[in-house]
2 protein chains.
Amino acid sequence: MTKNKLKEVAMRLFGEKGYEGTALSEIAKEVGVKTPAIYAFFENKEDLFMTVFREAMQSYNTYIQELSEEQKVLSAQESLRGILSRQYEFYQKSPEASKIVLRYVVFPPAFLKETIEEAFLESDAMLTKSIEQFISKGMEEGVIRDQSVQLLADAFLNLMDGLSMQYFYYTSKGIYERKLNHAFEMYWKGASS
Amino acid sequence: MTKNKLKEVAMRLFGEKGYEGTALSEIAKEVGVKTPAIYAFFENKEDLFMTVFREAMQSYNTYIQELSEEQKVLSAQESLRGILSRQYEFYQKSPEASKIVLRYVVFPPAFLKETIEEAFLESDAMLTKSIEQFISKGMEEGVIRDQSVQLLADAFLNLMDGLSMQYFYYTSKGIYERKLNHAFEMYWKGASS
DNA sequence: CCTACCGATCGGTAGG
DNA sequence: CCTACCGATCGGTAGG
């Protein structure tokens, strides 16, 4: 399917070289078609971009959200730690999707700033909710110290954001894993009873 | 001075719209000259970009580093918290410099990936050193629990990275400040004796 | 999905 | 710092 190949290549190139840094001719060439072929499947460049961006965001959300349901048996500590592992897995499994999501959530091109902001806020709200549930559960069970849930959730989201950035600029797997472990270890010290 | 105006406008536009998303003609127009005038001051587009990127990175480093010297009288807690305030101040004071630094440290264009990586690693090492000093001091004074300095430093750097990202996608000042305060509060709970 | 094509704009140079 | 200019490439269309 040419359409899927186009989306695949577009996602990688947009993520790596940016929207303006990627020519439709490059995408077409890698797929093995001529540039005008793209217009048989997508309205224009913006449409192609938004399509792959949405799919990337969607697959990230789904991947993180699945865990929230899977792991309801686990302890609060394991669940929170599980979110971090899950995020890390997604980065490794789908580096193209990860890159385009991070890149354009932080630096949206002007023409779709609002659209992206909406999509992000929705995803952020969902994630926050899951995290707050894990935290509340942990507090009820007495493994998390009784304190503001918002405080704990904000700090955890900050931790996740930090790890997102670090994944992309620390190229070494070993260093990244140490950072991840250390960040969570410290978090847990502050959170646990 | 036309050269300074060119750098100023270039920094802002490169930060906002990206390298490929910014045409030399736009920069020239805002400054009030014609495109070829740029070549009287810079070799080419890459040279202009690297010049402003370097200056932005430099001013960030200097701003953060100055604090390390200023605040030697402060407690460990105040010093660490001071780094976060200082970073926040820089974002507010120099949004253009901040944006271009963050953008290109995480997503360098291919032609200067190595140069930027070097610059970043040097800056990262400096910052790590300052943080480790504050932590060690805190441990000696007994306000920070006796534990691995690397653990504490990694978690603190993670916190700073998270705040960097969040500054750019949470547009509300109030929310950002809450996130900052919460992130540090949790950090300090895990770190302190 | 292709060939043929186009207007607009890009970074950049010559010569002053 | 400007005018005049250029080759290359961009996103996109017509017509099949």
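Note that the structure is predicted; figures quoted are calculated from it, not measured. Order of the sequence lines sets the chain letters (A, B, ...), proteins ahead of strands, with each chain counted from 1.
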Tell me: CG of A:Leu24 to P of D:dT13, nearest whole Å? 11 Å

Interatomic distance, A:Ile27 CD1 vs D:dG12 C1' [rounded to whole Å]: 14 Å

Examine A:Ile116 and A:Met126 and state if one hydrophobic cluster contains both, with Ile, Leu, Val, Met, Phe, Trp and Tyr joined whenever side-chain heavy atoms are less than 4.5 Å apart. no

Consider the side chain of A:Tyr39, meaning its heavy atoms from C-beta on, and name the nucleotide among C:dG11, D:dG12, C:dC2 that approaches it most closely. D:dG12

Going by distance alone, is a donor N or O of one side chain under 3.5 Å from an acceptor N or O of the other, for A:Asp124 and B:Tyr170? yes

Check the angle between the aromatic planes of A:Phe90 and A:Tyr63 and answer parallel, tilted or perpendicular using the 30° and 60° thresholds. tilted

CA sep, side-chain torsions, deciding dist, call: B:Trp188, B:Leu80, side chain to side chain contact (heavy atoms under 4.5 Å, CB included): CA-CA 9 Å; B:Trp188 192 250; B:Leu80 290 172; 4.1 Å; yes

Report the distance from atom NZ of A:Lys45 to atom P of D:dG12, rounded to the nearest whole Å. 8 Å

To the nearest angstrom, how far is A:Asn44 atom CG from D:dC10 atom C1'? 14 Å

Counting side-chain heavy atoms from CB outward, which of D:dC2, C:dG12, D:dA14 is closest to A:Pro36? D:dA14

For D:dC2, take OP1 and OP2 only and decide whether either is under 4.0 Å from a side-chain N or O of B:Lys34. no

Between B:Gln87 and B:Tyr60, does any side-chain donor sit less than 3.5 Å from a side-chain acceptor? yes

Identify all stems in which DNA chain C takes part, counting only runs of at least 3 consecutive pairs (Watson-Crick or G-U wobble, each distance under 3.5 Å), and give each as one range with another, ordered by first number. C:1-16 with D:1-16

When we call it a touch if two heavy atoms are under 4.0 Å apart, what does A:Phe41 touch: a base, just sugar-phosphate, or nothing? sugar-phosphate

In whole angstrom, what separates A:Ile38's CD1 from D:dC10's P? 11 Å

Describe, in one word, how the ring planes of A:Phe49 and A:Tyr19 are oriented to each other, choosing from parallel (under 30°), tilted (30 to 60°) and perpendicular (over 60°). perpendicular

Could you state the atom-to-atom distance from CG of B:Asp47 to P of C:dG12 in whole Å? 10 Å

Have a look at A:Ala37 and say if it touches a base, only the backbone sugar-phosphate, or nothing, with a 4.0 Å heavy-atom cut-off. sugar-phosphate

Using ring centroids (six-membered ring only for Trp), state whether B:Phe53 and B:Phe14 fall under 6.0 Å. no

For the side chain of A:Ala23, counting heavy atoms from C-beta on, which of D:dG11, C:dG12, C:dC10 is nearest? D:dG11

Within this structure, what is the NZ-to-P distance between A:Lys17 and D:dT9, rounded to whole angstrom? 13 Å

Spacing between B:Glu46 atom CD and C:dG12 atom C1', to the nearest angstrom: 13 Å

Sugar-phosphate, base or nothing in reach of A:Ser25, heavy atoms under 4.0 Å: sugar-phosphate

